[in-house]
**Q** 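Let me begin by handing over the structure; questions about it come next.
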2 protein chains.
Amino acid sequence: MSVTIRDVARASGVHISTVSRTFSAPHLVNPNTRSRVLACAEELGYRPNRAARALITGRTYNIGLIVADIANPFFPPLIKAAESQARKHDHHIFVADTNEDPALEEEVVRALAKQVDGVLICSPRMNNALIEQLSREVPLVVVNRQIAGIPAVVMDVAQGARLAVEHLTTRGHRNIALLSGPRGSWTSREIRRSATATARAGHAELTVIGPNPPTEVGGLTVAEDVLRAGASAVLAYNDLMAIGLIEGLLTAGARVPEDVSVVGIDDIMLSRLTRPKLTTVATPTAAAGRAAVDMLLAHGDDRRSTAHLHLQTELVIRDSTGPGPGPHSPADPGYVSVPGGVAS
Amino acid sequence: MSVTIRDVARASGVHISTVSRTFSAPHLVNPNTRSRVLACAEELGYRPNRAARALITGRTYNIGLIVADIANPFFPPLIKAAESQARKHDHHIFVADTNEDPALEEEVVRALAKQVDGVLICSPRMNNALIEQLSREVPLVVVNRQIAGIPAVVMDVAQGARLAVEHLTTRGHRNIALLSGPRGSWTSREIRRSATATARAGHAELTVIGPNPPTEVGGLTVAEDVLRAGASAVLAYNDLMAIGLIEGLLTAGARVPEDVSVVGIDDIMLSRLTRPKLTTVATPTAAAGRAAVDMLLAHGDDRRSTAHLHLQTELVIRDSTGPGPGPHSPADPGYVSVPGGVAS
DNA sequence: GACAGAGGTGCAACCGCTTGCATTAATTGT
DNA sequence: ACAATTAATGCAAGCGGTTGCACCTCTGTC
């Protein structure tokens with residue numbers, strides 16, 4: 001049914017090995033022969049079978065991309081960028097969704113291992129030991145997690161959380177709540193660590209609420225807790241939770257930002273469009289997707305490549321944060337307020 | 001490096017064919033042998049190489065999924081559902097993003113053809129003839145397009161557009177604008193056809209503006225045109241455009257829905273969260289993703305399976321539509337107004 | 001006791017392609 | 001004029017599996 005290398009060989013009167021070389025080592029075949037073969041291939045619509053080639057070369061030209069939840073708006077830009085970058089290098093992408101389930105992460109990596117050149121694991125929920133073990137079975141690049149010896153692309157959320165909390169403390173907030181993310185999230189731990197330290201430095205109290213599912217509902221359901229804790233400002237694990245929280249706060253009769261200021265993290269498209277527009281920490285997700293693919297393709301075989309790429313984050317101040325009850329810090333924080341318009 | 005069927009055969013003292021049968025035809029091997037083989041396989045961590053198997057069986061257990069833009073919020077729920085359904089049947093999914101480029105669609109289908117059991121093309125932009133041709137090279141299921149002889153899953157947007165326009169005309173809107181989608185979109189043509197007929201039946205005038213890119217920016221940039229056309233209500237090709245349009249209208253000083261009513265299509269997550277909350281036509285994207293995968297796997301080989309599955313849409317009335325300048329229709333439309341709360 | 005049939009396993013070809021090596025023809029050096 | 005390169009191609013093994021067929025060993029039957 002499908003046209004194979006033999007069909008092309010027959011049509012052009014050469015041995016299949018010559019056809020093979022025409023595609024994978026053109027300099028070894030006579031220019032005349034080459035063009036004849038190419039003409040026949042073109043006419044027959046021949047495309048090399050990559051799986052067959054992979055069997056012998058060991059290179060599949062496929063990449064696995066594993067995310068916790070495709071429908072979480074944080075991931076699509078990353079997936080899109082990764083796919084685009086991969087195809088630029090003639091690779092295809094398997095996408096798998098683990099539904100925030102660590103066990104499924106392991107299973108999927110193993111299932112994919114044989115048919116990919118490497119796997120990108122985004123925001124993994126499994127533990128480090130398991131990741132290290134898997135990285136011995138298949139080249140791995142991890143996004144949003146730092147593990148010694150495993151190549152990684154991480155967004156500097158610690159810095160982002162620091163900027164966010166400073167933004168709040170300098171504007172007079174003394175009682176800040178932190179909505180943490182899902183259990184097992186490295187990002188969540190980083191945020192917590194950084195936010196705690198920054199709050200202390202700013203003479204503010206930080207109440208941690210969580211862990212929570214990283215969704216709108218996750219934020220919505222803790223609105224009560226936030227009010228009960230008497231916090232005048234909240235930093236949420238991600239924008240989705242922040243938006244859900246705002247929804248919950250408004251429903252409960254609290255005003256945002258007059259009564260409670262809310263800061264998210266990620267700067268997903270949505271945050272520009274809700275009312276009030278969300279103050280948030282912008283993370284370069286598309287850049288991370290591209291970089292992760294590059295990293296995977298770059299150090300192809302030589303393991304031991306243990307590069308860690310850090311990507312800057314920045315605070316985007318919009319309308320969901322306002323002054324708190326405490327005294328303003330005299331020091332002008334100097335952040336640039338980015339208007340929440342439509343991206344170009 | 002990787003453990004193969006031969007390693008397992010050696011470890012368990014049987015021929016490779018017995019190992020092979022242990023996995024692909026267990027009833028042919030003695031229960032004792034089978035359990036011994038399975039034990040060895042387990043211990044060695046053996047996983048059959050699917051690419052090698054595919055070479056001889058012709059079944060790859062892979063599916064290609066092609067979308068115009070992963071970052072368009074319409075697609076992620078569909079991708080997620082398709083991936084989940086595919087994995088339920090032990091299949092993996094290649095995702096490709098064509099950036100709304102018809103030529104890229106063709107290229108990607110061809111590139112993927114050899115390593116998948118079938119391809120799902122969502123909202124294709126290429127022409128019917130090309131799709132028919134491709135469907136001769138690889139099993140195809142098309143989402144959101146009807147072509148004779150090609151299995152398809154379509155959302156009944158014509159019905160949705162009718163409901164939307166009736167909603168507007170019965171509330172006194174006599175001058176309605178339609179923001180059409182990208183060139184080549186079957187959905188856009190369907191909407192236009194249905195909206196035109198429904199507007200005429202409701203004694204309203206319909207102005208078509210477009211084609212437009214199916215994005216927020218696409219909606220934003222035509223806000224001026226909408227105002228200039230003097231429309232009191234707008235039906236947009238999708239929610240993203242509707243949201244962009246609202247942004248543009250507000251910026252231009254028009255109130256929504258007091259001055260202009262806006263209806264979107266798709267009911268993406270965003271539409272519940274913008275202010276005003278968007279009235280929109282809900283399309284069952286997740287169901288479509290699942291159904292498309294099922295359809296692809298079901299009629300596996302027997303082509304000629306030309307099933308067309310139609311999925312109902314429904315109007316979700318929220319806060320972006322209000323009464324128009326004309327007289328209300330006495331007839332109660334009887335639509336159920338769904339509050340725009342958070343999904344359960 | 002010979003034989004048919006069934007159950008269980010091994011053998012070897014093959015899927016589509018790559019690649020080391022052998023073979024042949026053409027070119028170069030001396 | 002002849003050996004030594006070099007360029008171009010063919011040959012065949014093999015990547016990791018599957019599968020039709022042959023073979024062997026039991027049972028049960030008459």
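Every chain is numbered from 1 and lettered A, B, ... according to where its sequence line falls, protein lines coming before strand lines. Worth saying up front: this structure is predicted, and the values here are computed from it rather than measured.
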**Q** Go through Gln115(B) and His92(A) one step at a time and tell me if the side chain to side chain donor-acceptor pair (under 3.5 Å) criterion holds.
**A** CA-CA 10 Å; Gln115(B) 42 193 337; His92(A) 295 146; 3.1 Å; yes
**Q** Name the first nucleotide and the last nucleotide along DNA chain C (5' to 3') that come under 4.0 Å of a heavy atom in chain B.
**A**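 The contacted stretch runs from dG8(C) to dG16(C).
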**Q** Is there any ring-ring contact (aromatic ring centres under 6.0 Å, His included) pair reaching into residues 49-78 of chain A, and which pairs are they, with sequence neighbours excluded?
**A**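 Non-adjacent pairs meeting ring-ring contact (aromatic ring centres under 6.0 Å, His included): Tyr61(A)-His91(A).
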**Q** Before you tell me yes or no, could you show the steps for Asp294(A) and Lys88(A) under salt bridge (charged side-chain N to carboxylate O under 4.0 Å, His left out), namely the whole-Å CA-CA distance, both residues' side-chain angles and the distance that decides it to 0.1 Å?
**A** CA-CA 10 Å; Asp294(A) 283 344; Lys88(A) 206 172 285 175; over 6 Å; no
**Q** Hey, are Arg145(B) and Asn128(B) close enough side-chain-wise for a donor-acceptor pair under 3.5 Å?
**A**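 Their side chains do contain a donor-acceptor pair, which is all the 3.5 Å distance test asks for.
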**Q** Could you write nucleotides 15-28 of chain D as a row of B, S and -, 5' to 3', where a protein heavy atom under 4.0 Å of any base atom gives B, of only sugar-phosphate atoms gives S, and otherwise -?
**A** BBBBBB--------
**Q** Hey, does Val138(A) have a side-chain heavy atom less than 4.5 Å from the side chain of Leu140(A)?
**A**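 Side chain of Leu140(A) against side chain of Val138(A), heavy atoms only: contact under 4.5 Å found.
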**Q** Please state how far atom CG in Asn30(A) lies from atom P in dG10(D), giving the value in whole angstrom units.
**A**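 Spelled out: CG on Asn30(A) to P on dG10(D) is 11 Å.
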**Q** How close do Thr98(B) and Ala68(B) get, heavy atom to heavy atom, and via which atoms?
**A**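 Scanning both residues completely, I find the closest heavy atoms to be OG1-CA, 3.5 Å.
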**Q** Could you work out, with side chain to side chain contact (heavy atoms under 4.5 Å, CB included) as the rule, every residue matching Pro182(A), not counting sequence neighbours?
**A**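 Per chain and number, Pro182(A) pairs via side chain to side chain contact (heavy atoms under 4.5 Å, CB included) with Glu100(A), Arg125(A), Ser185(A), Pro214(A), Tyr237(A).
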**Q** So, do Asn62(A) and Phe94(B) sit near enough that their side-chain heavy atoms are less than 4.5 Å apart?
**A**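 In short, these two side chains touch, coming nearer than 4.5 Å.
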**Q** Work out how much the helix from dG1(C)-dC30(D) to dT30(C)-dA1(D) bends between its end axes, five pairs an end, to the nearest 10 degrees.
**A**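 Taking five pairs per end, the axes differ by 50°.
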**Q** Using a cut-off of 6.0 Å, state whether more than 12 heavy atoms not belonging to Glu132(A) lie near its atom CD.
**A**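 Atom CD in Glu132(A) is crowded, with more than 12 foreign heavy atoms closer than 6.0 Å.
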**Q** Who passes ring-ring contact (aromatic ring centres under 6.0 Å, His included) against Phe23(B), sequence neighbours left out?
**A**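 Partners of Phe23(B) by the ring-ring contact (aromatic ring centres under 6.0 Å, His included) criterion, ordered by chain and then number, come out as Tyr46(B).
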